[in-house]
**Student:** 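Please read through the structure below; I'll follow up with questions.
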Amino acid sequence: MNYKRVFKELYVEELKDRIKENPSLVNLYEMDQFEYKENQVLESKKETISYPKLIVPDSKKNHFDFENSKNIFESMKHFSPAEASDPRFWAYLSHTLYWDYVKARSRVEEEKRNSDFIISHWFIDRLNVRNLLRQDLSKLWWVSYMTFDPQRKDPYELTREAFSMLDYIRFLLEESLGSYRVLTHALLEYIINNPNLFQKNKQDRARYLMTRCNLLAGFKILGVLSKSELKELFDKYKKDIELI
Amino acid sequence: MKIKFLSLPHPVLGISDDIRGEFSVDFAFKPSKDQQILVFKMHLNNSTIEDLISQRKGAYVMEISCSATLFRESLFSFKKEFAYKIPTGKLLNRVVVRCYIVTSADNILRYQNNSANLDYVGFNFDLNKSDLLAVYDKRFEFSAEKQYEKYHGISSFMQVDEGDFERGNMIFRTTTNKLHIELSKEDYKRYDEFRKNRGFASYLHSSLAFPGLIFALSKMFFSPNEDKDTAWYQRLEQLIREKNLNFKKLEDILKISQEILGLPFSRSLKDLQIKKFEDEL
C-alpha cells in the first residue's frame with residue numbers, strides 16, 4: 001500500500017509548457033525513467049492505494065487493456081468520479097510508477113511523436129470526456145467505471161466487450177450519449193446477447209447501431225428509457241443491421 | 001440536443017411558433033456537505049400537455065450533464081416542483097441542465113395539440129415514449145466543486161504557491177484548475193506566517209487576491225474562449241451570475257473583483273483602524 005501522491009498543479013503545467021515550447025524534449029520520454037522534482041509532489045497521508053502491477057503490452061495486437069483496466073479499477077474503486085478526474089494524479093502515475101507501461105502502450109519509441117503526442121498520452125490537457133478516455137491510464141479507470149455492472153454474474157462482462165473494439169470508446173463513450181450509463185450498458189448488452197446478428201461485419205454493424213442512437217438522440221430523450229426499452233428500440237433496426 | 005435547429009413532424013411547445021403557450025423553469029442549485037441539491041419549479045401553460053401529464057402520459061424531464069465526470073442523467077417527474085440530490089463527487093466543474101417535457105408512455109395515438117399553429121390543423125401524430133412535447137430553450141449552468149468547503153471563499157478558484165525563486169515579483173498564472181499566485185521564497189515564508197492569522201485576511205485579500213482577480217477577469221474579458229473549459233473560469237462565471245454583476249465593459253473588471261472579495265480595501269482599512277486602536281491601548 002502506498003500513500004496517494006499527485007504532482008502539484010503548477011508543476012504539471014510547467015511540464016506541459018516545456019514540451020510545447022521545446023519539442024526536442026519529447027526524447028526524454030524514451031528514457032528509462034523520468035527525472036522529476038520530489039518537492040513538486042503532494043502526498044496524502046489520509047489515503048492509501050494498493051497500486052496494481054500492469055501488464056506491459058508486448059506488441060501492437062496485445063494491449064491487455066481489459067486486464068489492466070480491471071486491475072486499476074479494482075484498486076481505485078473507492079474513487080469518486082471527481083477524484084478520478086484529477087489530471088495531477090494521472091500525470092504523476094504516468095511519469096513514475098507506470099512510466100514503462102505508458103511508454104509501451106503509447107509506443108513512443110516507434111511512433112512519430114511530437115509534443116501533442118506526449119501530452120495526450122502522459123497528461124490530461126483539458127478536462128473533458130475525450131481527454132479522460134485518451135490518456136493511457138485514466139482511460140483504464142474510466143472505461144471500467146462506465147461499464148462495470150455489479151448485478152451481472154461477471155461484473156466486468158461489459159468492460160471486456162467495450163475493450164474488444166476501439167469503436168466503442170471512440171463512437172460511444174467519447175460521445176455525449178455514451179455518458180448515459182443505461183444506454184451504454186443497453187448497447188453493449190444488446191451486441192453481446194445477439195451474437196448471430198453481430199457475427200459478421202461486427203465493427204460496421206456495431207458502428208451502425210451507435211450511429212442510429214446518435215440520430216435518435218437528436219429528437220428523443222433517450223435517457224428516460226429503461227434498458228429493456230432501449231433494446232426494443234434497437235430491435236427495430238435488426239433488419240437494417242442484417243443488410244450490412 | 002441542438003434545439004435551435006430542430007424541426008419535428010409533430011408540433012412542440014417552445015420550438016418556433018409550433019404551439020401557443022408557455023413552458024419555463026425556475027432552477028436553483030444548493031450545495032451541502034454531502035450532496036448537491038438541484039431544485040426545479042416548472043411553469044406550464046398549455047392545456048393539452050397539462051392533461052397528458054395529469055394522465056402520466058407526459059412528464060417533465062431534466063437532463064443533467066457534466067463532461068468532467070462523464071455524468072449524464074435524465075430525471076423525470078410528474079410534479080411541478082421537486083428536488084434532486086446528487087452525492088458530492090459525482091459532479092465537477094461545469095454542469096449543464098436542460099429541461100423538456102416528453103411523452104412517458106408508448107402509443108399515444110392521434111396526438112393533436114389544441115393550441116397548435118394553424119399549419120397543423122387536420123393533422124394528428126402517433127407518439128412513442130421519450131418523444132418531445134415541449135422544450136425550455138434556456139439552459140442552466142453551474143460549477144460543482146469536489147468539496148463543500150470550496151464553494152465558499154476564493155480558494156475555490158485561486159491558490160498561493162511558493163515559487164522557485166528567492167526574491168522578486170509575484171507571478172500570476174492560470175492552469176486548467178485555478179489561478180495561481182506564485183510568491184518568492186522570501187515572500188512566501190512571511191505570507192505563510194500571516195495567513196494563519198485571520199486578522200490579516202483583509203490585507204492579504206487586498207494585496208494578493210485583488211490583483212490576482214483582476215488578472216483572471218482580464219483574461220476572461222480579452223480572450224473569452226481561451227479558458228472556457230477551465231475550472232477557475234467556470235467558477236468565476238458562476239460567482240458573477242450569483243451576484244448579478246454585469247461583465248460587458250473593461251471597467252466592470254474592477255467592480256466585479258471588489259464585489260467578489262467583499263470590498264477588500266475597505267476591510268483592510270477597518271482592520272488597520274482596529275489594530276491602531278489596539279496598539280494605542
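Here is how names work: the chains are called A, B, and so on, in the same order as the sequence lines, proteins then strands, and each is numbered from 1. The shown structure was predicted, so the numbers you read here are calculated from the model rather than taken from an experiment.
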**Student:** Considering only heavy atoms, which portion of D131(B) lies under 4.5 Å from any heavy atom of chain A: side chain, backbone, both, or neither?
**Tutor:** both

**Student:** Between K178(B) and E9(A) (salt bridge meaning N to carboxylate O under 4.0 Å), is one present in this structure?
**Tutor:** no

**Student:** Could you tell me which non-hydrogen atom of P81(A) sits nearest to which non-hydrogen atom of G89(B), and how far apart they are?
**Tutor:**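 Of all heavy-atom pairs spanning P81(A) and G89(B), the closest is CD-O, 3.3 Å.
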
**Student:** Please classify the contact between D106(B) and chain A as side chain, backbone, both or neither, with a heavy-atom cut-off of under 4.5 Å.
**Tutor:** neither

**Student:** Can you find a pair of side-chain heavy atoms, one from N39(A) and one from E162(B), that are under 4.5 Å apart?
**Tutor:** no

**Student:** Quick one, R72(B) with L177(A), criterion side-chain contact (heavy atoms from CB on, under 4.5 Å). Give me CA distance, side-chain angles, the key distance, then yes/no.
**Tutor:** CA-CA 8 Å; R72(B) 196 162 183 207; L177(A) 208 52; 4.1 Å; yes

**Student:** Given a strict heavy-atom distance threshold of 4.5 Å, which part of T175(B) is in contact with chain A: side chain, backbone, both, or neither?
**Tutor:** both

**Student:** Pick one of side chain, backbone, both or neither for L75(B), based on which atoms fall under 4.5 Å of a heavy atom in chain A.
**Tutor:**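 For L75(B), neither part sits under 4.5 Å from chain A.
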
**Student:** At a 4.5 Å cut-off on heavy atoms, which part of T103(B) comes close to chain A: side chain, backbone, both, or neither?
**Tutor:**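 No part of T103(B) comes within 4.5 Å of chain A.
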
**Student:** Heavy-atom count check: over 12 atoms from other residues, nucleotides or ligands less than 6.0 Å from K70(A) NZ?
**Tutor:**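 Atom NZ in K70(A) is not packed in, count stays at 12 or less.
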
**Student:** Which pair of non-hydrogen atoms, one from R126(A) and one from E226(B), has the smallest distance, and what is that distance?
**Tutor:**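 Answer, listing the atom of R126(A) first, then E226(B): NH2-O, 3.1 Å.
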
**Student:** Taking all non-hydrogen atoms of both residues, which atom of L92(B) and which atom of A82(A) are closest, and how far apart?
**Tutor:**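 That would be CD2-O, 3.9 Å.
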
**Student:** Stepwise, does the side-chain contact (heavy atoms from CB on, under 4.5 Å) test hold for K220(A) with N128(B)?
**Tutor:** CA-CA 10 Å; K220(A) 287 170 88 72; N128(B) 287 311; 4.2 Å; yes

**Student:** Report which part of D17(A) has an atom under 4.5 Å of a heavy atom belonging to chain B: side chain, backbone, both, or neither.
**Tutor:**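 When you check distances to chain B, only side chain atoms of D17(A) fall under 4.5 Å.
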
**Student:** Which atoms form the tightest heavy-atom contact between A68(B) and L132(A), and what is the distance?
**Tutor:**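 Heavy atoms only, the tightest pair is O-CD1, 3.4 Å.
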
**Student:** Can you tell me which portion of D125(A) sits under 4.5 Å from chain B's heavy atoms? Options are side chain, backbone, both or neither.
**Tutor:**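 Just its backbone gets close to chain B.
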
